[in-house]
Amino acid sequence: MSKKVLIVDDSATVRQHVRSTLAVAGFDVVEASDGSEGVDTIERVNDLAAVICDVNMPRMNGLDMLEAVKKDPKHAGLPVVMLTTDGQHEQIQRAKAAGAKGWIVKPFKPELLLAAIRKLTSR
Amino acid sequence: MVHGATAMTSTSTLGLDRLVAENCLKLFADYDLEIRSGEVEAADTDERFLLCGIIGFTSKFVRGALVLATTKQPLERTNPTSAPSHRDWICELANQLLGRVKNQMLSRGVEIFPSTPVALRGEHLSPVLQQRLIAELFTAEGGVVCVWLDCEFEDGFELGEPDLRSCSIAPLSEGEVILF
């Protein structure tokens with residue numbers, strides 16, 4: 001059975017690029033366009049193997065989404081990796097403290113994104 | 001196609017023009033498109049429309065907006081997907097360009113806070129100067145890329161050199177992945 005990964009990004013192009021990168025490796029991809037939709041999708045889709053999430057988004061940003069999701073103990077084991085233009089260490093530390101499992105600076109290299117998701121979903 | 005944009009000297013733009021130009025070259029290179037600084041000749045493009053992404057930013061000492069404008073060819077050639085949305089992609093490129101500028105300003109001790117981008121389409125776009133205008137023009141195969149950074153500085157603002165001694169403030173590079 002294919003593992004399911006959620007991509008949360010307000011750019012449809014980024015979501016499609018992630019989708020096509022992961023699909024060739026057999027992952028099923030679910031999409032959300034902002035943090036609020038991301039929270040709803042995580043609640044609705046029970047068998048997510050990982051989440052890839054942008055940081056700067058309208059309505060609810062990625063770090064707020066991460067903190068909201070991780071408040072629920074049932075999502076403690078769900079790997080979330082941030083995908084963003086931001087390379088700032090303070091932001092990275094905030095994400096790590098909130099329970100993120102990784103940080104990728106855009107533009108992503110498909111082989112590195114795939115390797116990261118394979119590693120996170122094999123744990 | 002572009003009117004009224006005048007590049008300013010690096011002393012008056014505090015080195016931001018160099019940051020913007022270098023990062024624009026790298027951004028498009030990361031999407032496998034070589035662009036070159038310089039004058040635009042009529043033969044460089046046969047496109048009439050200009051699509052641009054605009055993203056604002058604020059901080060304590062500097063605020064403004066970055067405008068990234070391209071003709072159709074550079075936009076389509078850099079898009080990594082098979083079903084392109086021009087609007088979406090120009091906004092994402094503007095977002096990524098400002099992100100690069102932001103990361104480098106951070107290593108110089110200045111933090112800016114970007115907003116979310118919007119897109120505009122036009123034929124004769126020109127910036128209306130606020131305080132400082134940085135304008136960079138590039139040509140690509142079959143097209144043109146323009147970047148404007150319209151910004152306002154607080155009196156006494158300086159953009160220092162990168163602090164290479166302290167790794168703790170050096171941001172991650174584009175494409176870099178770390179797992180915790």
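Both backbone and side-chain heavy atoms feed into the values below; hydrogens, waters and symmetry mates do not. Order of the sequence lines sets the chain letters (A, B, ...), proteins ahead of strands, with each chain counted from 1.
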Counting only heavy atoms from other residues, nucleotides and ligands, does the tally under 6.0 Å from CZ of Phe61(B) exceed 12? no
How close do Val177(B) and Ala116(A) get, counting heavy atoms only, and between which atoms? CG1-CB, 4.2 Å
Is Met105(B) linked to Leu68(B) within one hydrophobic cluster, defined over Ile, Leu, Val, Met, Phe, Trp and Tyr using a side-chain heavy-atom separation of less than 4.5 Å? yes
Could you grab the distance from atom CZ of Arg100(B) to atom CG of Asp86(A), nearest 0.5 Å is fine? 13.5 Å
Look at Thr21(A), Val81(A), Ile92(A) and state which one has the largest set of heavy-atom pairs under 4.5 Å with chain B. Ile92(A)
Under a 4.5 Å heavy-atom cut-off, does chain B meet the side chain of Ala115(A), its backbone, both or neither? neither
Structural part of Glu92(B) lying under 4.5 Å from a heavy atom of chain A: side chain
Does the side chain of Val105(A) reach to within under 4.5 Å of the side chain of Ser173(B), using non-hydrogen atoms? no
Ignoring hydrogens, what is the shortest heavy-atom contact between Pro107(A) and Tyr31(B)? Give both atom names and the distance. CB-OH, 3.0 Å
Can you tell me which of Pro110(A), Gly87(A), Ala95(A) forms the most heavy-atom pairs within a distance under 4.5 Å of chain B? Gly87(A)
Shorter than 4.5 Å, heavy atoms on both sides: which option in Met82(A), Lys109(A), Lys119(A), Lys106(A) has the most such pairs with chain B? Lys106(A)
Can Gln88(A) and Leu106(B) be said to form a side-chain contact (heavy atoms from CB on, under 4.5 Å), step by step? CA-CA 8 Å; Gln88(A) 187 183 353; Leu106(B) 196 62; 3.3 Å; yes
Taking the side chain as everything from C-beta on, heavy atoms only, tell me whether Pro80(B) gets closer than 4.5 Å to Gln16(A). no
Part of Asp30(B) within contact of chain A (heavy atom distance under 4.5 Å): side chain
Cluster check Ile55(B), Phe113(B): I/L/V/M/F/W/Y, side chain < 4.5 angstrom: no
Quick check: is Leu22(A) connected to Ile104(A) through a chain of hydrophobic side chains (ILVMFWY, heavy atoms under 4.5 Å apart)? yes
Please say yes or no: joined through hydrophobic side-chain contacts below 4.5 Å, possibly via intermediate residues, are Ile42(A) and Leu63(A) part of one cluster? yes
Near Lys70(A) NZ, under 6.0 Å, is it more than 12 heavy atoms from other residues, nucleotides or ligands? yes
Got a second to check how far Thr116(B)'s OG1 is from Asp10(A)'s CG, nearest 0.5 Å? 7.0 Å
What option among Leu179(B), Thr81(B), Asp88(B) has the most heavy-atom pairs under 4.5 Å with chain A? Asp88(B)
Would you say Leu120(A) ends up clustered with Leu78(A) if hydrophobic residues are merged whenever their side chains have heavy atoms under 4.5 Å apart, either directly or through other cluster members? no
Residue selection (most heavy-atom pairs with chain B, distance under 4.5 Å) from Met57(A), Lys101(A), Gln91(A): Lys101(A)
Test side-chain contact (heavy atoms from CB on, under 4.5 Å) on Thr85(A) and Glu174(B); report intermediate values, then the result. CA-CA 7 Å; Thr85(A) 59; Glu174(B) 286 72 29; over 6 Å; no
Okay, Asn95(B) and chain A: the region with an atom under 4.5 Å from a heavy atom over there is both
Which answer fits Ser20(A), side chain, backbone, both or neither, if we ask what part of it has an atom under 4.5 Å from a heavy atom of chain B? neither
Measure distances from Leu83(A) to the heavy atoms of chain B and classify the residue's part below 4.5 Å as side chain, backbone, both or neither. neither
